[in-house]
Amino acid sequence: MYRDAILKKFDPRLDNILFILHELQDNNPQHYLANADIEKCADYLNIPYSYVHGVVTFYSMFSLKPRGRYIIRLCDSPPCHLMGSESLLDYLKKKLKVDVGKTTADGVFTLEITSCLGICGVAPALMMNEEMIGNLTPERVDTVLEERRQTS
Amino acid sequence: MNIVRNHVLISIDAGTLMSGARAVEDALVKEIVKQGLDKEVSVLETGSIGITGRGVILVVYPEGIYYADVTPDDVPELVEEHLLKGRPLTRLILTETPKRTIITKEKTGLLKEQPRIVLKNCGFIDPENIDEYIAAGGYEGIAKVLQTMTSEDVVAEIKSSGLLGRGGAGFPTGMKWDFAIKTPGDEKFVICNADEGEPGTFKDRLILEGDPHKLIEGMLIAGYAIHGTRGFVYIRGEYSLSIERIEKAILDARAYGLLGKNILESNFSFDIVVMKGAGAYVCGEETALIESLEGKRGHPRNKPPFPINAGLWGKPTLVNNVETLANISEIIRNGAEWYKGYGTEKCSGTKVFTILGHVATPGLVETEMGTTLKDIIFEYGGGIKNGKTFKGALVGGAAGAFLGPDMLNVKMDFVNLKEYSAALGSGAILVMNEDTDMVDMLKSVLHFFKHESCGHCVPCRLGTARLVELIDDIAASKAKKEDIDQLLEITRVMKDSSFCPLGQSVTLPVSSALKYFKNEFMSRVTS
């Protein structure tokens, strides 16, 4: 039912599609766009399911797969790369025991990589859901992960 | 009335928020009340002051003392020592105080400090308070335009200022506006391109977070100049604080009658909405951005027709970058002649640069166009970190060029860099020290392009994939000498045949890396 409430906030115009998809995804506890989300959106805007699917898969912030409570998006663009993001990625993979794009067995973390987040002054950096975290070291990663694990 | 003797400015931007600025702010307000100073000391929020990586930053006025890395635990001592007893807390003072001015080298070779233009208010005013913007001279530009200038006058003024678009391509803004005004249409749109995605660039974010009304005023003036009816700010989805601040600024401006119908009781009506992107670098390209705004996949369009003739929903559309629009109100208020007093003959005004990587003080600076790379890195960036030496810089983001040490004296502006087959681009300067592996850096750049290629055209889709295969082999010392030639050949073909600037620009980092650091590449391959 919450889906209808979200849709009602927007006029059924095509240029609202990104707003609608963002909000549907944000309100899904698993941070993804389920079949039902895409169907609802397509019906509401009176466009084919395939069209919505096409839009969703174009933009990297949207996911078709269920994700963890926290989405870790580690930047791997040149500024963060220069400051050591590649070894941090290895560290994160080992620590979380997952590959890029996968979710930990307990469903707490999903590991993703992203392009530049625009906080390069504190590279290497990552985004944890809506929060930016910079000046990363393996120790800082440990602390951040531990804090999140405890609150979930 | 209370006489406030101290103002404490707390910088609230993406960087300080992640260091816990809100907790420090709360502690500060509570402590000030606790020590009975709440009638004498006021705490104000402001945008970024241009220093990054130093935690939560506070500035205490009138002394103008900067504190860095402040934690809630420091607050009681800070309030007691500085605000109660008047003794600045030396252990937290930021010694390398950011320069609130632009430094220019006059013909005499002497350094001279001048006020900022684009970042004038950033870190000074509360970006969420429209009255502070107005008190700083804000919205005077649009008032002047509405009362004393015709649309043609405005376009002529911008043309004469010599302002070049700050999004990266450096196209003359006045000329674009001139095309827009001459294009017939019952409805015309102004789009602000705030889809800042060029790696190493965050100037637009700091303008949006630090002085959102300046952008609104720039869009209003642009709207008036081209007979526009509606404006759109397209912001990348990751910039949540920017979105929040610009949305608040729009609501406030509307409440003051600065947006909406009959602005300042004139015949001019204009309104602005914010659109949120969803993570696609290619949407920084203006036609891809328009597609995305219309609710489609962000594939670039064929040009011509240019957006100025047929843009959003097929109507004439002016697309300008955030920094470009942030220059407009100052040009109108002070005049084109004043603006031309800054920068070089062919490239007037100032540029906001972001300095990153192996420098002592990463952050952003506003300098005159034509400032040398050396001055930017050593005067503003504090030189190379840990006493190392300079090896090279990647200037203009991933779609920019590598520059070697012999290019340190190059003057940084759109026209001059082009002569050296480089580009000013977005103004990102990624500094690399002697220990940097240039093959590895180019690898990172090419992986970025492969990830961000939208897949619309074959040369870019397949080209970026093949480039990544080649550079991975070179980096792993598994390649032959011919593979380096092939890198260049692929980027040359991509430059000639790719559909949009994304694929066309890959040649820049590849050819420049091979120009300045060829030996490093050669040492990794077998002949």
Side-chain angles (χ1 to χ4, degrees), chain A residues 10 12-23 25-26 33 41 45 47 51-63 73 75-86 112-123 125-136 144, chain B residues 14-15 17-19 51-55 196-202 204-205 236-240 275-281 283 292-299 312-313 354-358 362-364 394 397-398 428 430-432 436 440-441 443-445 447-448 451-452 454-455 509:
Chain A
F10 302 94
R13 291 198 323 259
L14 192 56
D15 52 308
N16 277 330
I17 190 168
L18 293 186
F19 279 116
I20 292 171
L21 292 174
H22 268 300
E23 199 140 334
Q25 176 167 285
D26 290 348
L33 290 161
C41 180
L45 297 177
I47 48 174
Y51 183 99
V52 182
H53 189 275
V55 169
V56 169
T57 52
F58 184 81
Y59 297 96
S60 64
M61 288 180 85
F62 298 132
S63 173
R73 307 187 338 129
C75 173
D76 74 339
S77 285
C80 280
H81 183 82
L82 180 69
M83 305 309 275
S85 66
E86 203 172 21
E112 294 184 358
I113 51 173
T114 176
S115 293
C116 188
L117 295 168
I119 47 167
C120 327
V122 293
L126 60 76
M127 206 170 163
M128 177 88 81
N129 292 353
E130 289 286 292
E131 196 187 338
M132 307 273 195
I133 303 171
N135 289 328
L136 294 172
V144 169
Chain B
L17 278 177
M18 89 181 136
S19 307
I51 280 270
T52 65
R54 293 301 308 270
E196 184 174 61
E198 195 60 56
T201 312
F202 48 94
D204 296 344
R205 173 169 70 76
R236 61 182 300 192
E238 291 90 344
Y239 278 8
S240 35
M275 300 296 282
K276 183 177 169 185
Y281 170 73
C283 289
S292 179
L293 250 175
E294 290 181 359
K296 303 174 187 161
R297 288 165 70 90
H299 286 160
L312 186 60
W313 300 305
T354 42
I355 318 176
L356 316 151
H358 298 139
L364 90 166
L394 177 59
L430 181 60
V431 178
M432 291 162 263
T436 311
D440 184 54
M441 284 313 292
K443 185 177 116 178
S444 171
V445 169
H447 275 266
F448 170 80
H451 184 254
E452 294 299 345
C454 77

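From a predicted model like this one, the values you see are computed outputs, not experimental measurements.
- The side-chain heavy atoms of A:Cys116 and B:Glu198, taken from C-beta on, include no pair separated by under 4.5 Å.
- For a residue to count as touching a neighbouring chain, one of its non-hydrogen atoms must lie under 4.5 Å from one of that chain's; by this rule A:Asn16 does not touch chain B.
- Put simply, the side chain of B:Leu430 reaches to within 4.5 Å of the side chain of A:Pro78, judged on heavy atoms.
- Every residue meeting the side chain to side chain contact (heavy atoms under 4.5 Å, CB included) condition with B:Met18, not counting sequence neighbours, appears here in chain and number order: A:Ile119, A:Val122, A:Met132.
- Looking at A:Leu18, only its side chain comes within 4.5 Å of chain B, counting heavy atoms on both sides.
- Contact of A:Glu131 with chain B is not made at all, since no heavy-atom distance falls under 4.5 Å.
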| query | Can B:Met432 and A:Leu82 be said to form a side-chain contact (heavy atoms from CB on, under 4.5 Å), step by step? | reply | CA-CA 8 Å; B:Met432 291 162 263; A:Leu82 180 69; 3.7 Å; yes

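- Within the 4.5 angstrom heavy-atom criterion, only side-chain atoms of B:Cys283, from C-beta onward, approach chain A.
- Of the atoms belonging to B:Arg205, it is side-chain heavy atoms, and not backbone ones, that fall under 4.5 Å from chain A.
- A 4.5 Å side-chain heavy-atom check between A:Glu86 and B:Lys443 finds at least one atom pair inside the cut-off.
- Annotation: side chain of A:Phe58 is not in contact with side chain of B:Ser292 (no heavy-atom distance under 4.5 Å).
- Heavy atoms of B:Asp204 lying under 4.5 Å from chain A are absent altogether.
- With sequence neighbours excluded, the residues satisfying salt bridge (Lys or Arg N to Asp or Glu O under 4.0 Å) with B:Glu238 are A:Arg73, B:Arg236.
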